[in-house]
Structure formats: C-alpha cells, structure tokens
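I have a structure I would like to understand better, so I am pasting it below and will then ask my questions one at a time.
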Amino acid sequence: MKELRADVKNLDADSGYEEMLLSDESFAGSLSSQNKQGIFAMKLHENPKYNGSLHARKSYFFFDNRVVALGSGICSDLPGKEVHTTLFQVYLPTPETAIDVNGVQITQFPYSQSLNKAKSYLSDGLNNWFFVKSGKVELSKSLQKSFDQATDAPTQNNFALAAINQGTAPKNADYEYMVLIQPKADELKSTVGAFGSAKKMLYEVLEKDSMAHIVSDITTNSVGYVLFEAGKLNVKTDVLAVDKPCMLMTTKLESNRMALSVCDPDLHFYEGKAEQKVDSNGKTIERSVYSMSWKDNESKESELELQITGKWKMENNSEYISILSTDNKVTKLKVKCQHGFSREIILTKL
C-alpha cells in the first residue's frame with residue numbers, strides 16, 4: 001500500500017493540490033451502432049511520473065448482452081511486478097456467497113485457484129459469466145484489507161476476485177475473453193455448449209495486434225473494427241482501408257443492405273505530439289492539465305476516408321458522410337467527424 005501512495009503536489013499557479021496525470025495517447029473513445037451494438041477502445045500508455053513503461057491496446061465489443069474483450073501489445077518494465085487484467089472484483093454479502101468455476105459452485109472461504117487450461121468459464125455470483133479463451137486466471141475469495149481514502153483508517157471486507165495474470169514485466173502479452181451479461185438459463189446453457197465446441201462459433205477474432213482489433217459477431221451479423229493505425233487492412237472484410245485511425249462497425253441487413261457506423265475517437269484538441277516539457281536529464285516534467293495551452297479548445301472537425309468492397313449507394317443523404325467514388329470493386333467514402341460522435345448511414349449494394 002505504501003508503494004501505491006501518490007506523490008501529490010501543488011505544481012503551479014494554475015492548479016491546486018492535485019494529481020491529474022495525462023497520457024500522450026489520444027486514441028480513446030466509443031462507437032455506437034444503431035443504438036444496439038457498440039465499441040470502446042483505447043491505446044493505453046502510462047504517464048511517466050512513476051514508471052511510464054506500461055503499454056497496451058485494449059478493446060471491448062458490445063453485441064446484445066455479450067462483450068468481447070481483447071488486449072494486445074501488453075508491455076511493462078516495472079521490476080518484480082506482475083501485470084493483471086481484472087475480470088471482476090465483487091463484494092461478498094456472506095463468506096459462503098457462491099461463485100461458479102467451470103460449472104462448479106464455490107462456497108468455500110477463503111478460497112484461491114489458478115486456472116491454466118484453455119477455455120475456462122466462471123461467474124461473479126451476479127449472473128455475469130466470463131469465458132476466457134486462454135491465459136492464466138487467478139481466482140480468489142478472501143478478506144481484503146485497505147485504507148479509507150480520506151482518513152487512512154483501516155478498512156476490510158470480503159471480496160471475490162478474478163484476473164488474468166500476464167506475468168512479471170510482460171513483453172507483447174495479450175488476452176481474449178467474452179462476458180455474457182445476466183443470461184436466462186437456456187441462453188447460458190447454449191453459450192457454454194458453444195464455447196466448448198470447435199464448430200459452434202459465437203464470434204470470431206479476425207485480427208488482434210498493434211494495428212487492429214477486429215471481431216466478427218455471428219448472431220448479430222456485425223463486424224467491429226478498432227483500427228489503431230491507418231492503412232490497408234490485413235484481413236479480408238467489407239472494409240479495405242482507412243486513412244486515419246478510427247473505429248467502425250458494419251451490420252449486414254436484409255436485401256443487400258448494410259449499416260455502417262464510423263467514429264474518430266481523437267478529440268483533436270491539439271495536433272501533433274503531446275505538450276510535454278523535459279528536464280536536463282530528459283525526464284518528463286509533471287504538469288497540471290490546467291496549464292495546457294489547449295485546455296479550453298473545442299474539439300476540431302476531422303475528415304477520414306475509407307474504402308469498402310463493392311459498389312454501394314447511400315439510402316439517404318447525410319451531412320457527415322458522402323461517397324467520393326464507386327465502381328464494381330471499391331466504394332470510397334468521406335466522413336466528417338467531431339466530438340467523438342458516431343456517424344451512421346445505411347448503404348445498399350448495387
């Protein structure tokens with residue numbers, strides 16, 4: 001706990017006694033598709049005040065009551081410290097409150113277990129189910145001790161905790177899991193069966209690396225794209241290329257129709273590198289957010305171009321989306337983005 005204590009300072013005349021550390025990454029935000037499905041994603045880079053070596057690319061794809069969570073490029077140089085991805089941490093009303101591990105109710109307390117086999121599934125006791133494709137899952141029911149954030153008085157209570165352990169100082173680690181949120185009994189049964197089958201696919205991860213996270217959802221006929229970098233896609237999908245990092249979702253509808261949703265998560269308060277100052281040793285100097293020159297800027301408009309396979313037309317006019325060109329092989333679209341909003345259109349294939 002002493003190692004976790006923040007070194008809070010009064011940095012300048014613009015700020016108070018506070019710590020609001022910024023990342024030098026600006027890709028973080030969410031996308032909505034038809035008010036039904038969605039994505040949240042981010043490029044994670046820890047502020048260098050305490051270490052600065054933690055990097056990851058994370059995404060969450062929301063399809064009905066399922067969440068597909070991906071992580072890639074997980075790196076840390078912090079000596080002797082493991083990196084964990086928390087699945088859940090929930091309060092236990094009684095020590096005997098059950099959680100479920102691969103179909104077995106666990107009422108024992110205290111309890112700990114490491115799940116190393118592929119395709120483990122577990123519940124937080126609140127009817128949320130976590131299907132972990134691979135990785136070492138650390139699971140426990142225990143008395144957790146902490147301190148009150150205002151008074152430092154000792155506190156404690158019983159919790160169930162599950163986390164994927166990426167190990168000490170990981171280099172390019174990753175993870176993949178799915179959350180099924182409060183299903184009915186028959187839905188849970190069918191999902192467990194599909195998860196354990198080599199043929200019944202609930203979803204397919206098409207790409208999971210530093211360039212992109214792309215997931216195809218079988219039930220909704222949707223494909224979610226988190227494109228961390230611009231350029232041509234590495235996998236064969238309806239989307240061929242984008243000229244800026246962005247998030248997309250396509251959903252196949254009836255009669256050669258497709259819903260397209262596009263988002264630039266960068267708010268563009270400023271352009272170029274993050275506004276940083278360094279000392280004589282090249283170490284970043286901590287600054288208050290209130291001292292940044294861009295703090296009162298409005299989110300700037302950005303334009304991105306994307307290419308999709310085939311010849312398409314828009315069903316309705318849009319003030320944000322337009323078709324630049326189209327032929328039998330490729331349709332090029334321009335999308336005006338701002339404020340991290342999602343821009344949506346229905347396309348019809350010609």
Test side chain to side chain donor-acceptor pair (under 3.5 Å) on T237 and Y225 and set out the steps. CA-CA 10 Å; T237 64; Y225 303 78; 3.3 Å; yes
More than 12 heavy atoms of other residues, nucleotides or ligands under 6.0 Å from NZ of K244: yes or no? yes
What distance separates W129 CH2 from Q182 CD, expressed to the nearest 0.5 Å? 12.0 Å
So with a 6.0 Å cut-off around CG of N35, is the heavy-atom count from everything else above 12? no
All heavy atoms of A163 vs all of H84, minimum pair found to be CB-CB, 4.1 Å
My understanding is that only one of V239, L248, V235, V226 makes a side-chain contact (heavy atoms from CB on, under 4.5 Å) with I214; could you say which? V235
Can you name the residues that form a side-chain contact (heavy atoms from CB on, under 4.5 Å) with S30, not counting sequence neighbours? F40
Name all residues meeting the side-chain contact (heavy atoms from CB on, under 4.5 Å) criterion together with A169; count only those two or more places apart in sequence or in a different chain, and write none if there are none. none
What pair of heavy atoms forms the shortest contact from S216 to L206, and how long is it? CB-CD1, 4.2 Å
Ion pair check, K300 and D264, cut-off under 4.0 Å: no
Name all pairs fulfilling the salt bridge (Lys or Arg N to Asp or Glu O under 4.0 Å) condition that reach into residues 204-223, sequence neighbours left out, sorted by first residue then second. R66-D217, D174-K208
Specify the closest pair of heavy atoms between M211 and A230, including all atoms of both residues, with the distance to one decimal. CE-O, 4.4 Å
Side chain proximity check, F109 to L92, heavy atoms < 4.5 angstrom: yes
Classify the ring geometry of F27 against F228: parallel below 30°, tilted from 30° to 60°, perpendicular beyond 60°. tilted
Expected output: side-chain Q144 to main-chain N157 donor-acceptor under 3.5 Å: no
N116 and S114 side chains, donor-acceptor separation under 3.5 Å: no
4.5 Å side-chain heavy-atom contact, R5 and D152: yes
Atom pair CD1 (I218) and NZ (K200), whose distance is rounded to the nearest 0.5 Å: 14.0 Å
Does L350 reach the side chain of T326, with side-chain heavy atoms less than 4.5 Å apart? no
Centroid separation F130 to F88 less than 6.0 Å: yes
To the nearest 0.5 Å, what is the distance between CG (L139) and CG (L161)? 8.0 Å
To the nearest 0.5 angstrom, please state how far the OG1 atom of T331 sits from the CG atom of N328. 9.0 Å
Is there a path of hydrophobic side-chain contacts, each under 4.5 Å between heavy atoms, that joins V242 and V223? yes
Is it true that atom OH of Y290 has more than 12 heavy atoms of other residues, nucleotides or ligands lying nearer than 6.0 Å? no
Are more than 12 heavy atoms from other residues, nucleotides or ligands located less than 6.0 Å from atom CD of E271? yes
Less than 4.5 Å apart, any side-chain heavy atom of E298 and any of Q338? yes
Residue D186 excluded, over 12 heavy atoms near CG under 6.0 Å: yes
Does any non-hydrogen side-chain atom of L54 lie less than 4.5 Å from one of L78? no
Please work out which of the three classes, parallel, tilted or perpendicular, describes the rings of H45 and H55, given edges at 30° and 60°. parallel
Pairs meeting criterion salt bridge (Lys or Arg N to Asp or Glu O under 4.0 Å) with involvement of residues 274-291, two or more places apart: K49-E286, E275-R287
Taking the side chain as every heavy atom from C-beta outward, state whether Y121 and V192 have any pair of such atoms under 4.5 Å apart. yes
Indicate yes or no: at least one non-hydrogen side-chain atom of T251 is less than 4.5 angstrom from one of S33. yes
Looking only at non-hydrogen atoms, find the nearest pair between L122 and V101 and report the distance. CB-CA, 4.3 Å
Nearest atoms (heavy-atom pairs only) where D148 meets T155: N-CG2, 3.8 Å
I'd like to know if D327 and K332 make a salt bridge, using a cut-off of under 4.0 Å between side-chain N and carboxylate O. no
Applying side-chain contact (heavy atoms from CB on, under 4.5 Å), name anything that partners S210, two or more places apart in sequence or on another chain. R57
Would you call K141 and E96 a salt bridge, taking side-chain N to carboxylate O under 4.0 Å as the test? no
Locate the shortest heavy-atom distance separating G340 from C263; write the atom from each residue and the value. O-SG, 3.4 Å
Salt-bridge criterion met for K81 and E3 (N-O under 4.0 Å): yes
So, S288 and D12: side-chain donor and acceptor under 3.5 Å apart, yes or no? no
Cluster overlap L306 with L227, hydrophobic side-chain contacts below 4.5 Å: yes
If two hydrophobic side chains count as joined below 4.5 Å and joins carry through other members, does L188 share a cluster with M178? yes
Mark yes or no for whether S197, through its side chain, and G193, through its backbone, hold a donor-acceptor pair below 3.5 Å. no
Going by side chain to side chain donor-acceptor pair (under 3.5 Å), name the residues that satisfy it together with E344, two or more places apart in sequence or in a different chain. none
If hydrophobic clusters are built by linking Ile, Leu, Val, Met, Phe, Trp and Tyr wherever their side-chain heavy atoms come under 4.5 Å apart, do F195 and Y175 end up in the same one? no
Let me confirm one number: the CD-OG distance from E303 to S322, rounded to the nearest 0.5 Å. 8.0 Å
One should read off an interatomic distance between M249 CE and S261 OG, to the nearest 0.5 angstrom, of 7.5 Å
D238 versus K252: any side-chain heavy-atom pair under 4.5 Å? yes
Assigning hydrophobic clusters by single linkage (Ile, Leu, Val, Met, Phe, Trp, Tyr; side-chain heavy-atom cutoff under 4.5 Å), is L267 placed with W294? yes
